[in-house]
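The structure under discussion appears below in the form of structure tokens.
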Amino acid sequence: MKTKISVFITLFLMSIGVNAQIDRSKQPQPGPAPKITLEVPGEFQLKNGIKVLVVENHKLPRVSYSLRLDNKPITEGEKAGVSSLLGAMLGNGTLNISKDDFNEEIDFLGARLGFGPQSAFASSLSKYSDRMIELMADAAINPLLTKEEFEKEKDKLIEGLKSEEKSVDAVAGRVGGALSYGVKHPRGEFTTEETVNNVQFEDVLAFYEKYFNPNNAYIVVVGDVEIKDVKKQLKKHFGKWEKTTSIDITLPDPKPNAQYTQINFVDMPNAVQSNISLTNNVSLKMKDADYHAVLIANKILGGGFSSYLNMNLREAHGYTYGARSSVGTSRWNASRFRAGAAVRNAVTDSAVVETLKEINRIKTEPVDADKLANAKAKYVGDFVLALERPQTIANYALNIKLNNLPKDFYTTYLEKINAVTAADVKRVANKYFKTENARIIVVGKGSDVLENLEKTGIPIKYFDKYANAIDKPVFSKPIPAGVTAQTVLEDYFKAVGGKDKAKSVTSTFTTASISGLAPFPLKAELKAMTPNKQSMEMSAEGMGTLVKQKWNGESGYAEQQGQRKDLTEKEIAEKKDDNPIFPELYYDVKNLTLVAVTAVEGEDHYKIKVTKNGKDSFRYYNVKTGLLTLTESTGEVQGKEMTTVVQFGKYTDVNGIKFPYMMNITSGPQKIPFEISSIKVNEGVSDADFN
């Protein structure tokens with residue numbers, strides 16, 4: 001404790017001394033750019049053409065090896081996904097070592113080894129370096145590619161694609177690439193369940209033979225090694241890798257930019273937020289004279305917290321948790337400028353208008369001197385900090401080779417950053433931020449956002465989730481004669497097993513697992529008792545209960561890792577009117593409105609508005625099955641309006657009544673998938689569970 005106090009006093013006195021010497025009424029003048037002296041990596045080439053870069057660093061007894069196959073981007077066409085399957089299969093044993101023995105030895109060495117379709121990475125203690133590089137080389141040159149492993153990875157890939165079907169961000173990324181580059185361009189094509197099913201085991205073997213070879217290979221070695229030892233190791237283990245016939249890959253040109261500013265809209269009925277991305281293609285290489293000015297212009301526009309976009313969309317208007325922009329570089333003239341954010345449905349149109357406003361601002365108004373200085377300072381700080389990592393030296397050296405950069409590119413980097421002027425920022429913004437030829441890709445809930453988007457006056461084109469042009473979606477159909485909110489609920493009770501059966505349920509005990517919310521699997525126990533008692537406890541193995549929420553009908557609290565917070569009066573009032581078990585039993589028909597027949601995931605649903613305490617929420621019942629599949633409500637969280645959508649599926653019979661065994665909750669940017677393992681009806685629950 002004494003040590004901590006003395007340190008505090010010392011720092012305090014130092015701060016007084018500094019304050020006494022600085023005239024804070026004057027803006028400090030920026031000093032000269034730091035002189036950058038970069039260590040030059042050792043370099044040699046194997047007879048088979050593999051180029052090797054070695055950065056010796058003896059501070060820690062570790063070493064890493066990075067393999068990079070510098071092939072041109074590859075189009076996979078109707079078999080898109082074949083490279084992903086190869087990457088997943090590599091590194092799981094060799095023709096000389098079984099999968100289990102291989103992985104067991106990696107673990108025994110305390111090492112890491114991973115492969116991609118055009119790369120590999122390995123790291124270990126330097127005393128194991130020879131064995132580590134031997135295992136890496138064996139896995140690259142003699143991979144154990146089996147039909148069994150292929151089928152397993154294929155199933156995993158398809159399952160992953162299915163899980164992305166309802167992801168607004170995944171759809172936005174897929175459609176954005178396809179519309180910008182074209183689906184026949186490597187940067188624009190995408191993997192689907194259909195293309196993965198087209199891939200056969202033989203296709204993976206052929207892809208490996210054709211593209212996974214040393215023809216254009218680089219190996220970067222960083223760590224506690226001597227270059228003479230590395231030469232011996234790589235010559236011994238990677239020198240036997242034979243070159244194959246070179247394949248000339250012809251890249252198609254990316255699609256031209258849009259002829260005029262337009263909104264490209266994709267309807268996602270489950271979306272609680274809209275994903276907005278204003279984008280246009282750019283031709284920018286690292287060696288271009290504009291490169292450093294573009295970095296600074298982007299930093300000011302949307303490259304940090306204090307950027308134009310973030311200060312407008314987040315800080316001034318509260319539309320989003322963060323707005324960003326980026327500009328890519330490419331040796332193949334296939335990169336994009338992008339600017340956007342994930343915003344609430346209700347402000348989608350406003351966010352589009354404000355995004356255009358800020359981009360046009362940087363194109364027409366000189367940037368403030370302070371903002372320009374701050375952007376430069378951030379780059380200087382990040383650059384100097386990055387130099388402390390040996391891997392940075394290796395990456396810089398590799399960049400110089402791959403991008404045909406001048407040898408002094410990084411030693412003069414900060415000089416070029418500091419030389420950027422306000423006029424440069426304005427010039428490159430006009431050259432690369434093409435608002436007049438931009439696609440504003442919006443993925444969101446059309447029934448909520450399209451009417452206001454149309455009012456912006458920006459032309460709108462419509463696309464499906466796979467970038468196919470379509471007609472404007474129809475969001476509602478005429479309600480059939482004789483159908484009312486009451487008849488919809490009657491059909492719902494018939495579908496789940498009968499109203500009397502539903503009334504007989506006085507308690508439920510649900511056990512579920514949650515993945516993707518934390519770096520470890522979570523377990524949730526949800527208990528409910530009529531009319532309105534609720535309990536939720538979330539735990540992790542070996543860590544006990546992490547989150548707890550209790551409501552006994554009159555009072556309640558939330559607790560997270562021991563920190564308890566009682567419910568407010570407002571929250572108590574809402575809870576008293578919340579019925580967790582078959583809330584349809586408690587509805588007053590006067591508070592229900594059958595709004596429309598609307599599509600959810602391609603199927604017609606009855607949309608019912610429920611009005612309680614002056615607030616509206618919505619429930620969607622499948623026209624064909626009668627079952628509830630979606631609920632939608634809006635509330636206030638930390639002073640901001642937030643919409644919560646709950647999806648239900650996998651209805652299963654429990655004691656003669658159907659319950660959903662899948663429940664996905666989306667609230668703002670947070671997605672919580674519940675995979676329910678068991679539901680107990682009228683057992684395992686007591687009043688004590690809610691205290």
Side-chain angles (χ1 to χ4, degrees), residues 32-46 49-60 62-73 112 114 116 118-123 126 129 133 216-227 230-231 234 284-299 303-304 326-335 375-420:
K35 294 293 183 184
I36 301 299
T37 304
L38 292 180
E39 179 185 347
V40 179
E43 186 176 340
F44 61 89
Q45 184 169 325
L46 302 180
I50 298 178
K51 301 174 183 66
V52 183
L53 301 173
V54 183
V55 177
E56 294 186 28
N57 184 277
H58 304 287
K59 291 181 180 179
L60 293 173
R62 297 196 64 84
V63 60
S64 68
Y65 301 88
S66 300
L67 170 67
R68 164 100 175 245
L69 307 183
D70 186 40
N71 296 321
K72 285 184 180 179
R112 291 171 53 207
Q118 301 279 284
S119 62
F121 176 84
S123 67
S126 49
S129 62
I133 198 64
N216 303 301
Y218 288 84
I219 296 178
V220 177
V221 185
V222 179
D224 185 24
V225 291
E226 301 285 345
I227 190 168
V230 173
K231 281 184 178 180
L234 294 183
L284 180 66
K285 299 180 175 65
M286 290 183 70
K287 64 181 180 180
D288 290 346
D290 288 339
Y291 175 71
H292 299 86
V294 172
L295 292 182
I296 295 298
N298 182 70
K299 176 67 74 175
S326 63
V327 185
T329 61
S330 172
R331 296 146 64 197
W332 319 113
N333 290 332
S335 55
K376 292 178 180 180
K378 183 71 171 84
Y379 266 102
V380 170
D382 289 347
F383 186 87
V384 173
L385 189 64
L387 290 178
E388 296 178 5
R389 299 189 295 270
Q391 191 69 47
T392 299
I393 306 298
N395 289 339
Y396 285 174
L398 187 57
N399 271 343
I400 287 172
K401 291 192 172 297
L402 295 180
N403 294 281
N404 194 26
L405 303 174
K407 289 185 177 181
D408 67 350
F409 181 84
Y410 287 104
T411 56
T412 60
Y413 189 91
L414 296 186
E415 294 175 23
K416 291 172 182 173
I417 286 290
N418 280 321
V420 175

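A 4.5 Å side-chain heavy-atom check between Val384 and Leu414 finds at least one atom pair inside the cut-off. Two residues are said to be in side-chain contact when any heavy atoms from C-beta on lie closer than 4.5 Å; Asn403 and Lys285 fail this criterion. No side-chain heavy atom of Asn216 sits under 4.5 Å from any side-chain heavy atom of Leu69. Taking the side chain as every heavy atom from C-beta outward, Phe409 and Lys287 never approach each other to under 4.5 Å. Counting heavy atoms from C-beta outward, Asp224 and His58 have side chains that approach closer than 4.5 Å. Side-chain contact between Pro390 and Lys59 is absent, with no heavy-atom pair separated by less than 4.5 Å. At least one side-chain heavy atom of Pro41 sits less than 4.5 Å from a side-chain heavy atom of Ile393.
The minimum heavy-atom distance between Tyr396 and Leu387, with the atom names listed, is CE1-CD2, 3.7 Å. Between Ala386 and Thr392 the shortest heavy-atom distance is O-OG1, 2.7 Å. Heavy-atom minimum distance, Val63 versus Ser129: CG1-CB, 3.8 Å. Of all heavy-atom pairs spanning Ala394 and Val220, the tightest one is CB-CG1, 3.2 Å. Nearest heavy atom pair, residue Gln118 against residue Asn71, reads OE1-ND2, 2.6 Å. Pairing each heavy atom of Leu234 with each of Leu46, the nearest pair is O-CD1, 3.7 Å.
Remark: Gln391 CD to Asn57 CG distance equals 10.5 Å, nearest 0.5 Å. Atoms CG and OG1, on Asn399 and Thr329 in that order, are 8.5 Å from each other to the nearest 0.5 Å. From Asn395, atom CG reaches atom CD1 of Ile400 across 11.5 Å, with rounding to the nearest 0.5 Å. Taken to the nearest 0.5 Å, the NZ atom of Lys299 stands 10.0 Å off from the CD1 atom of Ile417. Atoms CD1 and CG, from Ile50 and Leu67 in turn, are 7.0 Å apart once rounded to the nearest 0.5 Å. Put simply, NE2 on His292 and CE on Met286 are 7.5 Å apart, with the number rounded to the nearest 0.5 Å.
Between Asp70 and Arg331, at least one side-chain N (NZ, or NE/NH1/NH2) sits under 4.0 Å from a carboxylate O, which counts as a salt bridge.
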For a side-chain contact (heavy atoms from CB on, under 4.5 Å) check, start with the C-alpha distance between Leu405 and Tyr291, then their side-chain angles and the critical distance, and finish with the verdict. CA-CA 12 Å; Leu405 303 174; Tyr291 175 71; over 6 Å; no

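A cation-pi arrangement is not found for Lys401 relative to Tyr218, the charged atom failing to lie both closer than 6.0 Å to the ring centre and inside a 45° cone about the ring normal.
Residue Lys378 qualifies as open at atom NZ: its count of foreign heavy atoms under 6.0 Å is 12 or below. The number of heavy-atom neighbours closer than 6.0 Å to NZ of Lys72, taken from other residues, nucleotides and ligands shown, is above 12.
Under the 30°/60° scheme for interplanar angles, the aromatic rings of Tyr410 and Phe383 are found to lie parallel.
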